[in-house]
Amino acid sequence: KLILLDSLLQEIMNPGIFQPGLAALPTSTVELSIRCENLADTDILSKSDPVCVLFIKGKANNWLEFGRTERISDTLSPSWHKKFVMDYKFEERQLLKFAIYDVDSESSRLDSHDFLGSTEVSLGEIVAVQSKGFSKKLIGKGGMLHVISEELLGNKETVTFNFCAKNLDKKDFFGKSDPYLEISRSTECNQYVIVHRTEVVKSNLNPQWKQIKLEVRTLCNGDYHRDLKFSVYDWDMGGGHDYIGSFHTTLNRLKSGRNSENIYECIEEEKQKKKGAKYKNSGTVILNDISIEAVPSFLDYIQGGTQVNFTVAVDFTGSNGNPKNPSSLHYQDPTGRPNQYVTAITSVGEIIQDYDSDKMFPALGFGARIPPTGEVSHEFFLNLSTESPFCQGIDGLLSAYYNSLYNVQLYGPTNFSPVINHVAQFASAYESDPSNYFVLLIITDGIITDLEETKRSIIKASKLPLSIIIVGVGEEDFSAMDALDSDDRLLSCGGLVAARDIVQFVELRKFLQGGGWSKELLARAVLAEIPAQLSGWMKLKSFQPRK
């Protein structure tokens, strides 16, 4: 029934997979690794906390946000381990802008943070010099941007391993070292790009780091003989982390597991030069265990017959403003100009419509007083039918939206949990059946009332075949929504912890700059995490794709 075209094309047409008899699009999937040097210091008592934001120039000649790296605290020369992965299209000139910000709060708004610098470049320029890496000065407050690109090959394996260290050098004058481990892979240009950074183990010369789980494609791009560099540092609060030492290995060597071959001397090269034969090492790093497994892909499950079912839920709460007022997100403009909800419904609806073969999907509303009695409802059929919530394509969805807008009273409070529980009830029927997966798409202004109850509903639903996409409209600070999108750690509430991450949050305004919007980038943002979330649920339940 449902075909997620972007994800399928990435898997079917991946240039790393040779498939005789098929046609391939002239694209390659490339990974961009980013680092900077000599950034401006905008913090008074410490160094900057930089984040790199990547923008792509849209068809309306506007810059649309593609993604962000993680924030690195207290450094003017950051190397981010989060990569940008995108399709390189030889026949198109794909213009990119890299912007660096000093992020000192949890706000997702870029204008809340200090701008450090930016530079513009085409993806073709970066790819053309991938053998030596691309460098360009930042315009703004100074600094240098370095980008290394690499074409990604097809590999479905995941590696899980665990390391500890013994007798590391003591770097702190008044205490023991606070060690962490960085893993980097070599590139064609004889440089190393970071692929993982562990947590810091405080005041310990014999640390045991947490288990690490990476795609083999991320670790070594499927090349078991690719040189890997493991570096140990002593964390420092001021950002001047002390280098303890490093060693080199390969996945081919690591895969043999815990043995004498996988006990590594950690060498500090300068110290070794000074001490000569007297120097032994700066500690040892030991591989405790390792496992490598082939993980079925999203496409494997779709080809095995798994159906993906979308439900749309629209926010009709009073915080959106009086629909008669031009400042309202639900404003009924007499000129026919679409309000932000119509824009969101149309753009997201077009995405969903492309993927749904019968173009029929259920739609809900919440947070309004509904006819005939005016009772407050937190889950009503958008078409106000008492029998069926299904809408026929975008026209049916917009017709249902306008029908509700003209016949309900915007009210409140803004409760997400009822619509989540509504879809979760249907998903629970397939808890032991891999044939169906559900996606709830919530369009909202972001003013959420039942945050704790919503967290509990999401945590409960994390054990079901369900993903939740929240599209934020308007100009609110969506920090509460970011709290639900647990990219860094699993969502928790009152001692309960989610089984997996099932929420993806997208701000519509990032795709509406300059009077236009990019369907391709919005589709990528809206659907980005569904393949991994579906595969993650299948793995959680030990379901294999049907042959």
Between [X] (side chain) and [Y] (backbone), is there a donor-acceptor pair under 3.5 Å?
{"X": "Ser399", "Y": "Asp395", "answer": "no"}
{"X": "Asn421", "Y": "Ser417", "answer": "yes"}
{"X": "Glu529", "Y": "Phe505", "answer": "no"}
{"X": "Gln504", "Y": "Ile530", "answer": "no"}
{"X": "Lys82", "Y": "Arg68", "answer": "yes"}
{"X": "Asp102", "Y": "Asp49", "answer": "yes"}
{"X": "Thr346", "Y": "Val342", "answer": "yes"}
{"X": "Trp537", "Y": "Arg500", "answer": "no"}
{"X": "Ser107", "Y": "Ser112", "answer": "no"}
{"X": "Gln332", "Y": "Lys324", "answer": "no"}

(request) Count the heavy atoms belonging to other residues, nucleotides or ligands that lie under 6.0 Å from NZ of Lys463, then report whether that count exceeds 12. (result)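 Open.
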(message) Around atom CD of Gln425, are there more than 12 heavy atoms from other residues, nucleotides or ligands closer than 6.0 Å?
(response)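 For Gln425, atom CD is not crowded (no more than 12 foreign heavy atoms under 6.0 Å).
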(message) Can you tell whether the side chains of Lys156 and Glu293 come within less than 4.0 Å, N to carboxylate O?
(response)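 Here Lys156 does not pair with Glu293 in a salt bridge, since their nearest N and O are not under 4.0 Å apart.
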(message) In the structure I gave you, are the side-chain heavy atoms of Cys52 and Phe84 within less than 4.5 Å of one another anywhere?
(response)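 Yes, close enough: below the 4.5 Å cut-off.
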(message) Side chains of Val439 and Thr311, heavy atoms from C-beta outward: is any pair under 4.5 Å?
(response)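 Val439 does not reach Thr311 side chain to side chain.
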Going by distance alone, is a donor N or O of one side chain under 3.5 Å from an acceptor N or O of the other, for [X] and [Y]?
{"X": "Ser297", "Y": "Asp300", "result": "yes"}
{"X": "Glu150", "Y": "Asn221", "result": "yes"}
{"X": "Ser467", "Y": "Gln533", "result": "yes"}
{"X": "Tyr401", "Y": "Asn383", "result": "no"}
{"X": "Asp43", "Y": "Ser48", "result": "no"}

(request) Test Phe98 against Phe66 for ring-ring contact (aromatic ring centres under 6.0 Å, His included), laying out the working first. (result) CA-CA 10 Å; Phe98 296 89; Phe66 182 85; over 10 Å; no
(request) Have a look at Phe366 and tell me which of Phe381, Phe380, Phe416 forms a ring pair (Phe, Tyr, Trp, His ring centres under 6.0 Å) with it. (result)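 Looking at Phe381, Phe380, Phe416, the match for Phe366 under the ring pair (Phe, Tyr, Trp, His ring centres under 6.0 Å) is Phe416.
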Please report the interatomic distance [atom1]([X]) to [atom2]([Y]), rounded to the nearest 0.5 Å.
{"X": "Asn339", "Y": "His330", "atom1": "CG", "atom2": "NE2", "value": "7.0 Å"}
{"X": "Thr444", "Y": "Asp315", "atom1": "OG1", "atom2": "CG", "value": "3.5 Å"}
{"X": "Ile448", "Y": "Ile470", "atom1": "CD1", "atom2": "CD1", "value": "6.5 Å"}

